[in-house]
Structure formats: C-alpha cells, structure tokens
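The structure appears below as structure tokens.
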Amino acid sequence: MQRHALCSALLCTLALSACSTTGDQQAKTRSDAAGEVASAPAANEAVKSLDRVQVTGSLISAQPAPMEAYDYAPATPPSTGYSQPANTEKYAAHADNPVHRASEEPVSTFSIDVDTGSYANVRRMLREGVRPPADAVRAEEMINYFRYGHPAPDSLATPFRVSTELAPAPWNARHQLLMVGIKGYDVPKASIPPANLVFLIDTSGSMDEPDKLPLLKQAFAQLVRQLRPQDRVSIVVYAGSAGLVLAPTAGDKQGEILAALDRLEAGGSTNGGDGIRLAYAMAKQAFIKGGANRVILATDGDFNVGTVDQDALETLVGDQRKSGIALTTLGFGEGNYNDQMAERLADVGDGNHAYIDSVDEARKVLVRQMGGTLLTIAKDVKIQVEFNPAQVAEYRLIGYENRALRREDFANDKVDAGDIGAGHEVTALYEITPVGSGAEQLPPLRYGGSTATAAKARSGEIADLRLRYKRPGEDASRLIDTPILASSLHAQPSPTLRFAAAVAAYADALRGGTHLGGWNWNDIARAAHAPVGADPDGERAEFAGLVDAARALTDGDAATVGIAGND
C-alpha cells in the first residue's frame, strides 16, 4: 500500500513538474538541494525492486535523458558551513586472542583477511601526534599491510600456495613463532575480466574536509586512469537522498568519468542506506556475467539519516552479495570516522576494507593492488590448525579476533569466509609454547589427562594445517592438508619472519604490550630498522619511522612495553 501511494505521488509530482516548472526553476531546485543529483528514468527502473529508496522531485528528471547525459548540480552547503562535532570515531571493541592449552583445545579455526585499513588509520594518528585507541589496532591488518615474498603457485589450477616457517620467537627464545603464508596466483593484467564498478560516494556535509571528498576525488581519479574499454563505471552519490551522477559508462571515456567526479561537492546529511541500495541496483543493471562486479563505497562512515542501524545495513549487504556483487569500503577522514561500520560491511560484502590517508595510499590500494581486488581466485577461504599436544603445550593466534570460526564451521560450506584475489598475500602468526620448555603461561591442571596415544604416534609433527576454499562459481569447497614437522624448526627466524614479528610486536605494544615478555620499544625499533633488502615503495622504512613515533608517544624508551603502553 505504501509503495503504491509513493508511486502515485511520484507520478503526480512528475506531471506537475513537466507542465508548470520552467527550466530556470528546475535549475534553481537542483542548486538548492544540498548533496542531491539529477538522475534519469533508467535509474527509476533500477530502483523499483528495492524495498525503500527515498525519491523526491529534485532527484528525478521529468524528461528522459540519454544514458551519457546525466546532469549533476553541485551541492550548495548551508551558509554556516559544516561544523565538525567532537570526536565521534567508532571502533569495534575486541580482546586479544587468549592462550590455549593444546591438550584441551587443539584446534584453531579462522577466516582469512586481506584488509589493511587499520594500519593506514593508525599511521594517520601517529603522524598527527595522537596515540591510537587500542581498538583501532587490528594485528592481522598491520601484518598483512606488507608483502613477505611467500612462494606463489605455478598455475591458476591451484589458485594459491601455502608455506610455513617455524623459528624461536624474538621476544622469548623458549617460545616459537609459526608463520603461515598464503600466496594467490598473480593473473596478468591483460587476463583480468571486464569490471563493472559502481563508485558509491558520500557527498554529505561531513565530507567537506581536505582529507575527505577532495582526497577521495584524487584517489578515484587514479583508478579511472587504469580503466580499459571493456570496463564499466557508474557513480552514485548520497547525502540527504541518493542519486545517480553517472550511468554505466565505458572505461575508455575517462574524460566523462573524471568530469563527473570533479563536479562533486559536499553538503547535507548522510543517507547511506539508500545510497547502498541504489548502488547495488546500478551494479545489477550493468552486471557483467563472468566479470568483476563490485560496489566501491567511499565514506567517513557517518550515516545519520535513513537506515543507520549497523545490523540492518549488514543484512542488506549480506543479501546483495548472493547476487555476485562484492562490496569494497574505503575510509576517509577523521573526527567522525566509523571504522567499525566500514570494516564490517566489507567483511559481510565479500570485499576488502582500506583506509585512504594520502594520495600514495590511494595509489597502492586503487592502482597497484586493484587487480587482486577485482579478480577473486578463491572464495570462502578458511584456515584450521590442529596442534599436536605431544609437541605443543600452548598456542596463541596473533590477531584475527573478529575472523574466528567455530570448529564445525570449517567443513560447513554454507559458512561465509574471506576471499583471495589475484596476487594477494595472506600472513598469519601463531606463538607456540613447546612441551617441556618450562615457559607455559597457563597453570598446570590438578586432574589433567595424559597425552593421547595418537598424538605420540605422530610426534614428528607439531601441527596439521588445513585450508578449505571454493573456486569462483563453485559451491563445494576443496581441501589442502599440510603437516608441519618439528624438524622444520630453524635456529633463528629469517629476516622475513623477524620483520613480520616486529610488525606484530608493534601492534601488540600499541594495544598495551601484554604478550611481549621482556621486549620493549627499543627492541621493536631495532627489529624494524634492521636491513630487509629491497624496499621499492619505502613501506618498511616508513614503518620504522612509525615505530619511533609510537615509542615517543608512549614514553617507552626506558621501560618494557607492558608498563609503558598503559595509561
């Protein structure tokens, strides 16, 4: 009933507008609508199937327009301008993974993660001289910001290769670090299928800051210059209402796409829910079978009208991913940045999350890594490690707290998990306490049972590493099983593992430093500044500088991190 009433009202509005509104009046209406755009009847058809999209006369053109000729009227912010409120940034609370006794809980299961947003966001804060809140630090996103040179598979027939390294933990020689590396097959750029991209851009008043909409325009401009004739791009914006700025346009019409981006201005409140609905509608309208269909949401995350409940947004995105359209989220700005929402929507939407704090970061995410983002070579990738209690007394997974899965989820192909794109690397670290080391962290059990006979029979293995994944278009998962031998233990960690350990220690120190034994900021700095070979993009050198900045902020030079890292 409500939908029929809305349609009737809309038809009346259009009829009156067509008969009585002059061209000058229409232009004035457009210019007075902060954050709104003029869209065409094709967009109306695209949103008919949606449950609820706010539609007003200022959003819908009364006269049909060709697909290439959508007009965007720049928003006119209120004369008082946008006033940034007190800091309202949001981060999902999470506790570090606990230490597990292998004889009680020998199995660890989690979904892979290729997000990197936490690293760049924390970098932004450190550069401003601000100590990051602990919940802004996600260890796995810190670790996976870097490439470690894991060996690659030989062909796409097996889309990724698994490798491991085992060595003493740098901060506790009686513990060991197990590094698990996954490397996806790097598909040549020429072989990447056509892309159908929808840029979903927040043009609300909160985006009227230099590190928000202006930086966003520069970021997307870099991606646009990489497009090919077979690619398609649409642009949807949202402020008080959602609107279509650019209908699906061929990738070689870069002048048109860049001009549409350049006209965007910020103003109004933030109706992100309607924007997401319209973006998915446009992605479906231009859907490329066998192609890379993806919505790229760029926002500070400050949704304040329309659908604002995060659970409702997650349900909306989760339903849409079933149609083969993924969601990538790009975070911008500070003060009201909603990291919690941006990171979670990307997880639910089978996409990835990044934070853009500079033009250089935009180049990394939207140019150098875009091939992997667009082409998924393995989906629902799950890792399960079963530790041998005859060899391993205790273990702890570093990071991946919000990616944990139940043991039974591993073989359940209905349970969603992370995806791997072309050329992607995934790295995970376990800290292990060997049996007999005397370095156990959990107190002994009064009635603890003896080690299982089966574990003793396989005493040459410290663990069994299992991975499940699905090929794109398949519903049944495939299994890769890799035993990890005790004989693979190295006397010293390789430079690669030592650098990964330094990143993990940096993340732990920023969260309070409760897992680093006697290591302090000086130890982390020495590991970060150690020679690491080629560093073509300067990322490792930059990391060393961030460690120095974090050390100065926490006054940890002369004390252990566990003491200095606490307020």
Side-chain angles (χ1 to χ4, degrees), residues 35 37 67-75 116-117 120-121 124 189 192 194-204 206-239 243-267 275 279 282-283 286 292-301 326-334 337 342 346 351-374 537:
V37 299
M67 290 295 286
E68 298 83 2
Y70 293 105
D71 181 34
Y72 171 68
T116 60
N121 186 36
R124 178 261 300 182
K189 184 176 180 179
I192 294 176
N196 164 37
L197 304 178
V198 179
F199 298 167
L200 174 56
I201 298 175
D202 183 350
T203 56
S204 63
S206 66
M207 294 292 288
D208 191 18
E209 298 289 341
D211 59 350
K212 294 185 179 182
L213 188 58
L215 177 59
L216 184 156
K217 291 182 184 181
Q218 296 179 67
F220 275 112
Q222 295 190 64
L223 172 56
V224 168
R225 296 185 182 98
Q226 308 302 311
L227 296 174
R228 305 160 298 176
Q230 62 266 39
D231 299 326
R232 296 290 181 270
V233 170
S234 310
I235 300 178
V236 171
V237 299
Y238 61 91
L244 182 67
V245 172
L246 185 72
T249 300
D252 58 351
K253 295 184 178 180
Q254 295 179 8
E256 294 181 23
I257 302 171
L258 292 172
L261 278 172
D262 188 58
R263 290 196 301 270
L264 300 182
E265 293 184 10
M282 296 311 302
N293 298 278
R294 184 172 297 264
V295 173
I296 303 178
L297 167 60
T299 179
D300 58 12
L327 175 70
T328 286
T329 60
L330 303 179
F332 288 84
E334 61 181 280
Y337 175 50
N352 60 303
H353 167 61
Y355 179 85
I356 308 298
D357 62 337
S358 66
V359 174
D360 286 342
E361 185 67 13
R363 186 175 300 110
K364 174 179 179 174
V365 173
L366 295 175
V367 177
R368 299 203 304 270
Q369 297 180 348
M370 185 47 66
T373 298
L374 294 181
D537 299 312

Just by distance, do the side chain of [X] and the backbone of [Y] share a donor-acceptor pair under 3.5 Å?
X	Y	answer
R294	T373	yes
Y355	G333	yes
D231	A195	yes
K217	D262	yes

Within this structure, what is the [atom1]-[atom2] distance for the pair [X] and [Y], rounded to the nearest 0.5 Å?
X	Y	atom1	atom2	value
L216	L330	CG	CG	7.5 Å
I235	I257	CD1	CD1	7.0 Å
K212	I356	NZ	CD1	15.0 Å
I296	T328	CD1	OG1	6.0 Å
N293	L327	CG	CG	13.0 Å

Q.
By the definition side chain to side chain contact (heavy atoms under 4.5 Å, CB included), identify the one residue from V245, V224, L246 that meets it with L261.
A. V224
**Q.** CA sep, side-chain torsions, deciding dist, call: L213, D208, side-chain contact (heavy atoms from CB on, under 4.5 Å)
**A.** CA-CA 6 Å; L213 188 58; D208 191 18; over 6 Å; no
Contact summary for [X] and [Y], nearest pair of heavy atoms:
X	Y	result
T116	A354	OG1-CB, 4.1 Å
D211	E334	OD2-OE2, 3.7 Å
H353	T329	ND1-OG1, 3.0 Å
A239	G267	CB-O, 3.3 Å
A283	V295	CB-CG2, 4.2 Å
Y238	L200	CD2-CD1, 3.5 Å

Q. Quick one: side-chain contact (heavy atoms from CB on, under 4.5 Å) partners of Q230, sequence neighbours excluded?
A. P194, R228
Q: For the pair F220 and F199, name the ring-plane relationship: parallel under 30°, tilted 30 to 60°, perpendicular over 60°.
A: tilted
Could you list the donor-acceptor pairs under 3.5 angstrom formed between side-chain atoms of residues 361-371 and any protein atom two or more places apart in sequence or on another chain?
from : atom 1 : to   : atom 2 : distance (Å)
E361 : OE1    : R123 : NH2    : 2.9
E361 : OE1    : Y145 : OH     : 2.6
R363 : NE     : Q222 : OE1    : 3.3
R363 : NH1    : D360 : OD1    : 2.9
K364 : NZ     : Y145 : O      : 2.9
K364 : NZ     : E539 : OE2    : 3.2
R368 : NH2    : E539 : OE2    : 3.3

(Q) When you compare the side chain of V233 with that of L223, does any pair of heavy atoms fall below 4.5 Å? (A) no
Q | Chi angles and distances behind the side-chain contact (heavy atoms from CB on, under 4.5 Å) call for L227, L197 | A | CA-CA 10 Å; L227 296 174; L197 304 178; 4.2 Å; yes
